[in-house]
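Structure first, then comments.
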There are 2 protein chains.
Amino acid sequence: MAATIKDVAQASGVHVSTVSRTFSAPHLVNPETRNRVLAAAEDLGYRPNRAARALTTGRTHNLGLIVADISNPFFPPLIKAAQAHARTRDYYVFVADTDEDPQVEEELIKAFTKQVDGLLLCSPRLSNRTIERLRAEVPFVVVNREVKGMPTVLMDVGQGARLAIEHLAGLGHRRIALISGPSGSWTSKQMREAAAATSGVDLVFLGPNAPTEQGGLAAAAEVTASGATGVLAYNDLVAMGLIEGLHERGVRVPADVSVVGVDDIVPGRLSRPKLTTVAMPAAAAGRMAVDLLLQSVGDGGTATLATLATSLVVRESTGPAPL
Amino acid sequence: MAATIKDVAQASGVHVSTVSRTFSAPHLVNPETRNRVLAAAEDLGYRPNRAARALTTGRTHNLGLIVADISNPFFPPLIKAAQAHARTRDYYVFVADTDEDPQVEEELIKAFTKQVDGLLLCSPRLSNRTIERLRAEVPFVVVNREVKGMPTVLMDVGQGARLAIEHLAGLGHRRIALISGPSGSWTSKQMREAAAATSGVDLVFLGPNAPTEQGGLAAAAEVTASGATGVLAYNDLVAMGLIEGLHERGVRVPADVSVVGVDDIVPGRLSRPKLTTVAMPAAAAGRMAVDLLLQSVGDGGTATLATLATSLVVRESTGPAPL
DNA sequence: ATGAAAGCGCTAACAC
DNA sequence: GTGTTAGCGCTTTCAT
């Protein structure tokens, strides 16, 4: 059995409360006793039981992060940034993957409840109603989706989509296809609306599609059939899959069709052709989300909305429209 | 405040122990009372506090999974498989990323302690000695590394490396470069030893290298300088970076040099040329690790060693040696 | 500066 | 079948 506070108290000849103080309010205890306690603790390999501590304090100093698909390269930078940032605030973040399953997502939220002080919901697949209901159990901040009355971190894909389409239009493309993601996706909706607001180009909407390489691969046929020479894909994974699919059909990128992705994931920077993309500030979003969450944990939940700007990174997958 | 067991007891006119039983041993309570309790619980939105429960039972029904770099595509399938498998056993797994930092790794282990029943250490960067010491605090199973006296899941990279080199040799390559990973890597060592045991080829050892695309990119110069026409890279990421670096120098793959990776990550299946690679059974390893951990949690820790076979997947990045 | 005692939410004997 | 009583490991008044 691991040593408990009692063992340390006994070994150092003081009462448990003194041991407790030594760890949570060292300044309140006589340096001499403190050293004795510390020595005994060291000796026994004692570490405070965080779960037990949480039971009395109501604070676990843990944060949970729930993500739909950990294998999407978009998330790791967000996760890492969140973890690193939380650490500076003396918090740990534990991650769980829902595998895109709303039911699993709900279960995970419940499993996390009471073991964390708050939850980061990244691109949640749950309905707004469910999210609002679950909210009573544990503080949330939602990333990449708008849920009213809740702290939220958004990345301005609408702006990014606009940039991308202007870039394509500037290159002479007159017919542009938009490949959307999963049907309920907030991001897709934003992109669609932003695209619809631009003028001077012919828009065709394709999808819905799986937000993966497979989804992009599958969309290749539709794209060629659409007659579009420019494509804005739901995300980089889709864009890369699409490029592959186009390649298989003998369509060259960017000579025949230009494609731009969204996210700016690492593989897109190393693929051939290197992907032109709307860069999402994933790391900044992770940090911001932690900040909002900690703040909301502290004050009981102000519904701040943070919107982060996006930018366009032009690389090799876009070029002049064919004549 | 969320409802506690006491509230439910009060609301349903029974004692807390009865409420407790309705949740942890329903068959021991009269169906009638049970329903009354359940109704009250439902009504108050009560859910047992898992942390408090753990305090008395000693079982959290959580598992922790610690990984060096969550952005390496090798891990997500392992993580997902572990999670899914654990769920069937009524366990949840929470993930943390050490960012390749041993110090962070140790901190995370300590943070997890007492909040999980056991830990999955994937490709740990800690020294064996530290791992053995920390082991007293929480049960481990180690994946992708040999630590004596501890439950371990290994993938037989040695065998895979042999396969890869034979494949290359069969293609006529006489000079083969081996790009190793981080200096302390167990995997690198296995590969090196297996390679050294093969005959009939000229081996050159390159590295150590970062286990990432950047590492591969950086190794391109060494590879061309080495005069090798065949390369076995530490992992797929390195292989892909290398191919990119080779491409930048005008070296064609596989026409001029053949490269094989290790892992069989998804991006490698979609890159150009599609990567020939040693497939690691990541999902199976995840499931196996959970099994071993749960078993070791149950019986106090038998040090089973599971070694999973690897195989060679030949795709497009390898071809006949140039004349 | 330290001790005593109550209690966080829950389970687990042990009675009845 | 259900209530009673401890107690898990820790923090936190309140005394002293």
Side-chain angles (χ1 to χ4, degrees), chain A residues 1-38 40-41 44-62 90 110-117 137-138, chain B residues 1-38 40-41 44-62 90 110-117 137-138:
Chain A
M1 238 359 228
T4 77
I5 199 173
K6 222 186 270 177
D7 301 323
V8 179
Q10 199 148 27
S12 48
V14 298
H15 216 258
V16 291
S17 42
T18 303
V19 178
S20 174
R21 278 182 207 109
T22 312
F23 285 92
S24 33
H27 60 279
L28 291 182
V29 33
N30 187 309
E32 222 168 89
T33 5
R34 192 199 307 154
N35 288 335
R36 199 146 35 89
V37 171
L38 255 17
L44 297 170
Y46 168 77
R47 354 202 74 258
N49 178 328
R50 310 185 77 209
R53 173 180 286 184
L55 198 54
T56 45
T57 60
R59 287 271 167 280
T60 61
H61 271 250
N62 292 150
D90 198 26
K110 289 177 176 166
F112 263 132
T113 298
K114 293 291 168 193
Q115 314 210 63
V116 299
D117 294 343
E137 319 218 349
V138 51
Chain B
M1 239 356 228
T4 78
I5 200 174
K6 223 187 269 176
D7 301 322
V8 178
Q10 199 148 25
S12 48
V14 298
H15 275 248
V16 291
S17 44
T18 304
V19 178
S20 173
R21 277 183 211 109
T22 46
F23 284 94
S24 33
H27 59 280
L28 291 182
V29 33
N30 185 310
E32 222 168 272
T33 8
R34 192 200 306 157
N35 288 334
R36 200 146 35 90
V37 171
L38 254 17
L44 297 170
Y46 167 78
R47 350 204 76 259
N49 180 327
R50 310 185 80 212
R53 174 180 286 183
L55 199 52
T56 45
T57 61
R59 287 271 168 280
T60 60
H61 270 252
N62 292 152
D90 199 25
K110 289 176 177 167
F112 263 131
T113 298
K114 292 292 166 193
Q115 313 211 64
V116 299
D117 295 342
E137 318 219 350
V138 51

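Not measured: the values here are computed from a predicted model. Labels below follow one simple rule: chain letters A, B, ... track the order of the sequence lines, proteins then strands, and each chain is numbered from 1.
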Exercise for the section: For residues 18-38 of chain B, pull every pair meeting ring-ring contact (aromatic ring centres under 6.0 Å, His included), keeping only residues two or more places apart or in separate chains. Expected result: F23(B)-Y46(B)
Practice task
Answer yes or no: does a side-chain N or O of H15(B) lie under 4.0 Å from OP1 or OP2 of dT2(D)?
Solution key: no
Polar-atom pairs under 3.5 Å, protein N or O versus N or O of nucleotides 10-13 of chain D: list them with distances, or write none.
from	atom 1	to	atom 2	distance (Å)
dC10(D)	OP1	Y46(A)	OH	2.9
dC10(D)	OP1	N49(A)	N	2.7
dC10(D)	OP2	I5(A)	N	2.3
dT11(D)	OP1	R53(A)	NE	2.5
dT11(D)	OP1	R53(A)	NH2	3.0
dT11(D)	OP2	S20(A)	OG	2.7
dT11(D)	O4'	T56(A)	OG1	3.0

Handout entry: Spacing of L55(B) atom CG relative to dA12(C) atom P, expressed in whole Å
Key = 12 Å
Handout entry: Nearest non-hydrogen partners of L44(A) and A3(A), listed with the distance
Key = O-CB, 3.7 Å
Completion exercise
Rounded to 10°, the angle between the first-five-pair and last-five-pair axes of the helix from dA1(C)-dT16(D) to dC16(C)-dG1(D) is 40°
Practice task
Calculate the interatomic distance between R34(B) atom CZ and dG1(D) atom C1'; express it in whole Å.
Solution key: 11 Å
Handout entry: Any residue meeting side-chain contact (heavy atoms from CB on, under 4.5 Å) with V16(A), in chain and number order, not counting sequence neighbours
Key = I5(A), K6(A), A9(A)
Handout entry: For T60(A), side-chain contact (heavy atoms from CB on, under 4.5 Å) partners two or more places apart
Key = A54(A), N62(A), D117(A)
Completion exercise
Rounded to whole Å, the CG-P distance (N35(A) to dT2(C)) equals 11 Å
Fill in the blank from the handout: Rounded to whole Å, the CG-P distance (L28(A) to dG3(C)) equals 14 Å
Exercise for the section: List for me each residue that meets ring-ring contact (aromatic ring centres under 6.0 Å, His included) alongside H61(A), sequence neighbours excluded, and say none if there are none. Expected result: Y91(A)
Problem - T33(B) vs dG1(D): side-chain N/O to OP1/OP2 distance below 4.0 Å - result: no
Fill in the blank from the handout: Residues passing the side-chain contact (heavy atoms from CB on, under 4.5 Å) test with T57(A), sequence neighbours excluded, are R53(A), R59(A)
Problem - All salt bridge (Lys or Arg N to Asp or Glu O under 4.0 Å) counterparts of K110(A), not counting sequence neighbours - result: E106(A)
Exercise for the section: Go through the structure and list residues passing side-chain contact (heavy atoms from CB on, under 4.5 Å) with L28(B), not counting sequence neighbours. Expected result: R21(B), A25(B)
